[in-house]
Amino acid sequence: MIQKQRGTIDILPGESEAWQWMEETIKETAALYGYSEIRLPTFESSELYKRGVGETSDVVQKEMYSFEDNDRRSITLRPEGTAGVVRSVIENSLATGAMPLPLYYLISCFRYEKPEAGRSREFYQFGVEQFGAQNPAADANVISLGYDIFKKLGLEVSLEINSIGCRHCRPKYHKALHDYFDACKDELCDTCLDRLDKNPLRILDCKSPICSKYAADAPKTVDYLCPECAAHMEELKLYLDTAGIKYTVNPKIVRGLDYYQRTVFEFISEDIGSKSTICGGGRYDGLVEELGGPHLPGIGFAMGLTRVMLALKAAGKLPEISTAPALYIASMGDKARLKSFEISLALKKFGINASFDQVGRSLKAQMKYADKIGARYSVVLGDSELEAGKATLKNMADGESREIDIADIQALAEVLNA
Ligand code: HAM
């Protein structure tokens, strides 16, 4: 038997309803903030991610699903959403319209990682990207959207923020990091040794135990910020305080992707085992230019929906969602089955899901089936019911019965909707 690939999940009926509820809740909240959906290709040129996400990131160095297509072009399944959105904004000249431009996406992403709880190779993200606003007010508004989504879902999360500076103050910080890690370079893993000269910031999020031990005492970004970046951070805090959003400043957050500048942030959930990042994001003011577009500041985040779902389950926050029909129409004979089909279609016009026998089961088997699918009511149609135009509607939970007029669909709908 062919089985699903390692690190992928099947979301089955019974679970998919909860996913739909989660996604609808998220989309409704994004609409309140004025965000519009953008739908993009699942694969892009590998070059986009190498330049966008960054050659020294774990994602590009170790995790991309890349292949050559039949025309020998290097193609990559998207490992994240930001680079593709930026590509599309440039390609479709969206930067010439009204600013800011707030966009959201619901996508699956692909990273070749070691699968474990909350970490898979194909995973789902809800992400937002907002372009054209450089003020800390934009950072706060984006963070507030993430915060409101978790509130609406009923999840408790904590927010951690940091600033990783800009292209003016970063070189000084890089030098401090370089000097610090150079002193212990013999113990760094091969990947980090390579990063030492290229981008020592990346060593800070290496998962190897030795590198992370040294990373714990490394120089902190916040101590090297230029006055503009420091002021940006202070103003962001003021906005978050005004919004009543609690946060802690965590100087260790540097994010795993290379495009960030200034503000970076993560929402952490304690519901899924040890502290887990359920959502991460930040500002990327240089990325649009880096990918060949105009100067256009940007900020966004992405939440890992597989993790959000795990947290919702663990916290007992998933609502009861029933897909059971309101009515099961059992029938005896071909004429009655035809009528039951007609009634089920007529009830749909009243927004009611009524199910009928499509298999040709015996009456006993039909009633067993009605019970199994959890129908709230049942009715049996046979020749005598068709002749009389009347039938008996039974409440499946308490057995209570009442006579109904088969032709009066509106009256039947009112009973079922009550
Ligand atoms: P990221 O931190 O790489 O950021 O991913 C965002 C979220 O996706 C993570 O916090 C996590 O919840 C989830 N995630 C990442 N990898 C996996 C995985 N292998 N399995 C399950 N969940 C995972 C980005 O992707 C940026 N594009 C976010 C962003 C948008 N920054 C600015 N705009």
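Read the numbers this way: they start at 1 and go in the same order the structure lists the ligands and their atoms.
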Check your understanding: Side chains of Tyr284 and Thr82: donor-acceptor distance under 3.5 Å anywhere?
Key -> no
Check your understanding: What class does the angle between the rings of Tyr328 and Tyr369 fall in, given that below 30° is parallel, 30 to 60° is tilted and above 60° is perpendicular?
Key -> perpendicular
Check your understanding: Side chains of Tyr239 and Ser144: is there a donor and an acceptor less than 3.5 Å apart?
Key -> no
Review point. Would the number of heavy atoms belonging to other residues, nucleotides or ligands and lying under 6.0 Å from CD of Glu156 be above 12?
Key: no
Check your understanding: More than 12 heavy atoms of other residues, nucleotides or ligands under 6.0 Å from CZ of Phe341: is that the case?
Key -> no
Study note, to complete from the structure: CG of Leu381 to CZ of Arg337, rounded to nearest 0.5 Å, is 11.5 Å
Check your understanding: Can you tell me the protein heavy atom closest to atom 11 (C) of ligand 1 and the distance?
Key -> Arg307 NH1, 3.5 Å
Review point. Should you measure from each heavy atom of Gly281, which atoms of ligand 1 turn up under 4.0 Å away?
Key: 31 (N)
**Study point:** Atoms in ligand 1 with a heavy atom of Ala302 nearer than 4.0 Å
**Key:** 6 (C), 7 (C), 28 (C), 29 (C), 30 (C)
Check your understanding: Is any NZ, NE, NH1 or NH2 atom of the basic residue among Arg255 and Glu266 found under 4.0 Å from an Asp or Glu carboxylate oxygen of the other?
Key -> yes
Review point. Taking only heavy atoms of Gly280, which atoms of ligand 1 are found under 4.0 Å from at least one of them?
Key: 10 (O), 28 (C), 29 (C)
Practice item. Could you establish whether Gly118 and ligand 1 come within less than 4.0 Å of each other, counting only heavy atoms on the residue side? Key: yes
Review point. Any side-chain donor-acceptor pair under 3.5 Å between Ser269 and Ser276?
Key: no
Point to revise | Side-chain donor-acceptor contact under 3.5 Å, Thr56 with Asp258 | key: yes
Study note, to complete from the structure: The protein heavy atom nearest to atom 19 (N) of ligand 1 is Glu113 OE2, 2.6 Å
Check your understanding: Heavy-atom contact under 4.0 Å between Glu63 and ligand 1?
Key -> no
Check your understanding: Of all the non-hydrogen atoms in the protein, which one sits nearest to atom 1 (P) of ligand 1, and at what distance?
Key -> Arg255 NH2, 3.5 Å
Study note, to complete from the structure: For Thr82, the ligand 1 atoms with a heavy-atom partner under 4.0 Å come out as 26 (C), 27 (N), 29 (C), 30 (C), 31 (N), 32 (C), 33 (N)
Review point. Taking heavy atoms and a distance under 4.0 Å, where does Tyr259 meet ligand 1: side chain, backbone, both or neither?
Key: side chain
Check your understanding: Between the candidates Tyr105, Phe301, Phe123, which shows the shortest non-hydrogen contact distance to atom 16 (N) of ligand 1?
Key -> Phe123
Practice item. Could you tell me if any non-hydrogen atom of Ser120 lies under 4.0 Å from any atom of ligand 1? Key: yes
**Study point:** Heavy atoms of other groups near Lys317 NZ, more than 12 under 6.0 Å
**Key:** no
Practice item. Within a distance under 4.0 Å of any heavy atom of Gly304, pick out the atoms of ligand 1 and give their elements. Key: 7 (C), 8 (O), 12 (O), 13 (C)
Exercise for review: Answer yes if the side chains of Ser74 and Glu47 hold a donor-acceptor pair under 3.5 Å, and no otherwise.
Suggested key: no
Review point. For ligand 1, which part of Glu266 has a heavy atom less than 4.0 Å away: the side chain, the backbone, both, or neither?
Key: neither
Check your understanding: For ligand 1, which atoms sit closer than 4.0 Å to a heavy atom of Ile278?
Key -> 10 (O), 12 (O)
Exercise for review: Check whether more than 12 heavy atoms from other residues, nucleotides or ligands sit under 6.0 Å from atom CD of Glu68, and answer yes or no.
Suggested key: yes
Exercise for review: Would you mind listing which atoms of ligand 1 come within a distance below 4.0 Å of any non-hydrogen atom of Cys279?
Suggested key: 10 (O)
Review point. Does ligand 1 have an atom under 4.0 Å from some heavy atom of Tyr260?
Key: yes
Point to revise | Residue Arg119 vicinity, atoms of ligand 1 by number, heavy atom under 4.0 Å | key: 19 (N), 20 (N), 21 (C)
Check your understanding: When the ring planes of Phe126 and Phe301 are compared, do they come out parallel, tilted or perpendicular, using 30° and 60° as the limits?
Key -> tilted
Exercise for review: For ligand 1, indicate whether the residue Leu257 contacts it via side chain, backbone, both or neither (heavy-atom separation under 4.0 Å).
Suggested key: side chain
Check your understanding: Taking non-hydrogen atoms only, is Ser276 closer than 4.0 angstrom to ligand 1 via side chain, backbone, both or neither?
Key -> neither
Check your understanding: Which one holds for Thr277 and ligand 1: side chain close, backbone close, both close, or neither close, with close meaning a heavy atom under 4.0 Å?
Key -> both
Review point. Just going by heavy-atom distances, which of Gln125, Arg78, Glu80 is nearest to atom 5 (O) of ligand 1?
Key: Gln125
Exercise for review: Please determine, by modelled atom types, if Tyr214 and Glu187 share a side-chain donor-acceptor pair under 3.5 angstrom.
Suggested key: yes
Check your understanding: Using a heavy-atom cut-off of under 4.0 Å, does the side chain or the backbone of Glu129 touch ligand 1, or both, or neither?
Key -> side chain
